[in-house]
Amino acid sequence: MDPAEAFTIIAVFGTVGCTLAFVTRWIMAHRVEMKRLELQQAQPERSEEMEALRADVESVRAHLGEVLERLDFAERLLAQSRNRDVLERGP
């Protein structure tokens, strides 16, 4: 084999290899960019969902506060009723 032919073969394979490496890198970068854009587009949906969940939690907290107030009131009424029974029966 002639050295010029060997050089040509090496140059062709080198060019093809570099081109494949470049195209592979470009495809990977493109996929990463597409994934980033996909996540950015999904972000508003998640943000809206998070806000809805926060509103639900606040609603549950408010309701729980009301329930605790009612429970406290019922306990006080029950305690007053017991105290009256004890006072009416006497020692």
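The figures here come from the full heavy-atom set of this structure, side chains too, leaving out hydrogens, waters and symmetry mates. Just so we're clear, the structure is a prediction, and the values are computed from it rather than from any experiment.
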task: Go through the structure and list residues passing side chain to side chain donor-acceptor pair (under 3.5 Å) with Asp72, not counting sequence neighbours.
output: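 With neighbours one apart ignored, the set is Arg76.
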Show me the side-chain donor-acceptor pairs of residues 20-30 shorter than 3.5 Å, one per line, residues at least two apart or across chains.
residue, atom, partner, partner atom, Å
Thr24, OG1, Leu20, O, 2.7

For residues 7-15, which side-chain N or O atoms pair as donor and acceptor with protein atoms under 3.5 Å away, sequence neighbours left out?
residue, atom, partner, partner atom, Å
Thr8, OG1, Ala4, O, 2.8
Thr15, OG1, Ala11, O, 2.7

Result block: side-chain N/O donor-acceptor pairs under 3.5 angstrom for residues 52-66, not counting sequence neighbours:
residue, atom, partner, partner atom, Å
Arg54, NH1, Glu51, OE2, 2.9
Glu58, OE2, Arg61, NH1, 3.1

message: Please give the remaining members of the hydrophobic cluster of Leu77, linking ILVMFWY side chains under 4.5 Å, ordered by chain and number.
response: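 Besides Leu77, the cluster holds Phe73.
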- request: Under the side-chain contact (heavy atoms from CB on, under 4.5 Å) rule, collect the residues that match up with Arg36, sequence neighbours excluded.
  value: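 Expected list: Glu33, Gln40.
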task: For Glu38, check side-chain contact (heavy atoms from CB on, under 4.5 Å) against everything at least two apart and list the hits.
output: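 Once residues adjacent in sequence are excluded, the partners of Glu38 under the side-chain contact (heavy atoms from CB on, under 4.5 Å) criterion are Lys35.
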